[in-house]
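In this chain, residues are counted from 1 in sequence order. Below, each value reflects all heavy atoms present in this structure, side chains not excepted, and no hydrogens, waters or symmetry copies.
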Amino acid sequence: MKRQIIAFLLAVGILLICTGCGAKQGPSPAPEPPAPIPEEKTTPNPLTGEPLHDPDAAERRPVAVMLNNIHYAMPQHGVSDADMIFEFNVEGGITRMVAFYQEIGCHSTIGSVRSARPCFLETVIGMDAIYVHAGASDEASRMIYRYDVDDIDEDAFDCFWRDEKRAETMDFEHTLMTKGSLIQDYITANGWRLEHEKGYHYPITYVEDGTPADGTAATDVSVKFSNYKTGTFTYDPAAKLYRIGQYDDAYIDGNTGEQVGVTNLLILRTSVYNSGDASGHMIIDVRNSGEGIYLCGGKAVDIQWHKEEIDDPFTYTTEDGAPLSLGIGKTYVCVVGEDAPVSIT
């Protein structure tokens, strides 16, 4: 009996010891929280600061398309898709535009396409862009050859077509149209350099709100290029865009039927004069520095523009010499004479 009692007591002791050891282990550790999902990074468009559809497109050369702007050839097509538009006087008081597209393959009909001029080539070369046009003035042709510009002229039949509907009411020269995918296929087929050369950097920076902190109110703007063409820009505070007008009407994109609006408006003053040739071609000095006005968010401020060499892009500084940042979004640039009437109210 004693042996049984002793055995029983030993068993109880061992059980208590094991239970105590288990208590010393403590509770099971809580499971680790799942690793946070990394935020998706977007690559900004170097011409707008907006996200690109294709991140690899940031280093690609933009495509610049020469646009007709004579009154009875309206509407233009594809202008609301352009990242940046420059407008210059060409001859006879008429103006033309060059529209830049960073991701050309994304865009549909663009046009109507017209001929090249030297001031546009100066702008295109400074942006390291591929130039789409339909013919050229004599001096522009010489520049294309001299600077070995990658250009797509109207004889690249795979890139263009004549719009039959426009031909019903317009002269033949106002009917040439193109398309982003056709341009992209042509560039690829010809084996042209797709990306900027090493060291090239488009120097403009973009900020969420580009409204000049010390700017003056600027909701209605009028820019007179000539007796034939005056551009108007009316600030839309709800959309935070300048809505564009010309020829006493809204500036409409024929693809969408809607009025074109931009975040940034730049007015650059320079020497503009008639060459005196038979066609009255204008000579415009765009390799220089000069005064200008920057408008964004319903306010305007005086600036300086700069373009020292032909392969330099336009850059901008505030009056104290600091680099000017633009608002994230599309930009419209008016290049006018030093005495051109500009009204801002």
Side-chain angles (χ1 to χ4, degrees), residues 44-50 58 62 83-89 98 100 102 119 122-128 196 199-225 231-237 240-242 244 261-272 284-345:
N45 182 331
L47 304 187
T48 66
E50 299 170 316
D83 298 318
M84 191 173 290
I85 295 176
F86 285 80
E87 182 175 11
F88 294 87
N89 197 314
V98 62
F100 288 86
Q102 186 66 30
C119 56
E122 293 258 8
T123 306
V124 168
I125 293 170
M127 301 279 279
D128 190 29
H196 291 297
Y200 180 90
H201 172 67
Y202 185 64
I204 304 299
T205 58
Y206 297 88
V207 293
E208 191 66 36
D209 183 1
T211 306
D214 55 351
T216 57
T219 55
D220 291 283
V221 183
S222 172
V223 181
K224 188 173 183 178
F225 285 85
T232 60
F233 306 85
T234 303
Y235 187 64
D236 178 349
K240 298 182 179 180
L241 299 174
Y242 278 95
I244 307 173
V262 294
T263 300
N264 306 292
L265 172 62
L266 289 155
I267 303 167
L268 312 183
R269 293 189 178 277
T270 190
S271 171
V272 178
I284 301 175
D285 185 4
V286 293
R287 208 184 306 178
N288 208 325
S289 294
E291 297 178 349
I293 305 170
Y294 171 60
L295 302 100
C296 182
K299 290 189 176 183
V301 67
D302 291 333
I303 61 165
Q304 296 285 318
W305 65 268
H306 312 275
K307 180 175 166 56
E308 302 305 325
E309 303 294 339
I310 192 169
D311 52 0
D312 291 335
F314 281 95
T315 57
Y316 315 102
T317 57
T318 58
E319 285 199 300
D320 61 2
L324 177 71
S325 293
L326 307 185
I328 293 174
K330 302 179 186 303
T331 298
Y332 197 102
V333 185
C334 303
V335 182
V336 296
E338 292 169 338
D339 300 322
V342 174
S343 171
I344 299 176
T345 59

**Item:** Residue pair Leu47 / Phe100: nearest heavy atoms and the distance that separates them
**Value:** CD1-CB, 4.0 Å

**Asked** Rounded to the nearest 0.5 Å, how far does CD of Glu319 lie from CG of Asp302?
**Response** 4.5 Å

**Item:** Spacing of Phe314 atom CZ and Ile204 atom CD1 [to the nearest 0.5 Å]
**Value:** 11.0 Å

**Message:** To the closest 0.5 Å, what do you measure between CD1 (Ile328) and CD (Glu208)?
**Reply:** 4.5 Å

**Item:** Thr270 side chain to Asp285 backbone, donor-acceptor under 3.5 Å
**Value:** yes

Below 3.5 Å, can you tabulate the donor-acceptor pairs from side chains in residues 290-300 to any protein atom, sequence neighbours excluded?
residue	atom	partner	partner atom	Å
Tyr294	OH	Gly210	O	3.4
Tyr294	OH	Asn264	OD1	2.8
Tyr294	OH	Gly327	N	3.2

**Item:** Val221 to Ile267 - nearest heavy-atom pair and separation
**Value:** CG1-CD1, 4.1 Å

**Request:** Could you go through the side chain to side chain contact (heavy atoms under 4.5 Å, CB included) check for Lys330 and Asp83 one step at a time?
**Result:** CA-CA 5 Å; Lys330 302 179 186 303; Asp83 298 318; 3.9 Å; yes

**Request:** Hey, could you give me the OG1/CD distance between Thr315 and Gln304, rounded to the nearest 0.5 Å?
**Result:** 11.0 Å

**Asked** Once you round to the nearest 0.5 Å, how far does CE of Met84 lie from OH of Tyr202?
**Response** 3.5 Å

**Side chains of Leu268 and Val286 in contact at under 4.5 Å (non-hydrogen atoms)** = no

**Complete:** Asp128 and Pro62 have their tightest heavy-atom pair at O-CD, 4.0 Å

**Prompt:** Minimum heavy-atom separation for Val223 to Phe233, with atom names?
**Reply:** CG2-CE1, 4.0 Å

**Request:** For the pair Thr318 and Val301, evaluate side chain to side chain contact (heavy atoms under 4.5 Å, CB included) and give the outcome as yes or no after the intermediate values.
**Result:** CA-CA 8 Å; Thr318 58; Val301 67; over 6 Å; no

**Prompt:** So, Arg269 side chain and Ala340 main chain: donor-acceptor pair closer than 3.5 Å or not?
**Reply:** yes

**Complete:** One should read off an interatomic distance between His306 NE2 and Leu324 CG, to the nearest 0.5 angstrom, of 9.5 Å

**Item:** Closest approach of Ile284 to Asn89 (non-hydrogen atoms, all atoms of both residues)
**Value:** CD1-O, 3.2 Å

**Request:** Can you see which heavy atom on Asn288 is nearest to which on Trp305, and at what distance?
**Result:** O-CZ3, 3.2 Å

**Message:** For Leu265 and Cys334: C-alpha separation, side-chain torsions, deciding distance, then whether side chain to side chain contact (heavy atoms under 4.5 Å, CB included) applies.
**Reply:** CA-CA 8 Å; Leu265 172 62; Cys334 303; 4.2 Å; yes

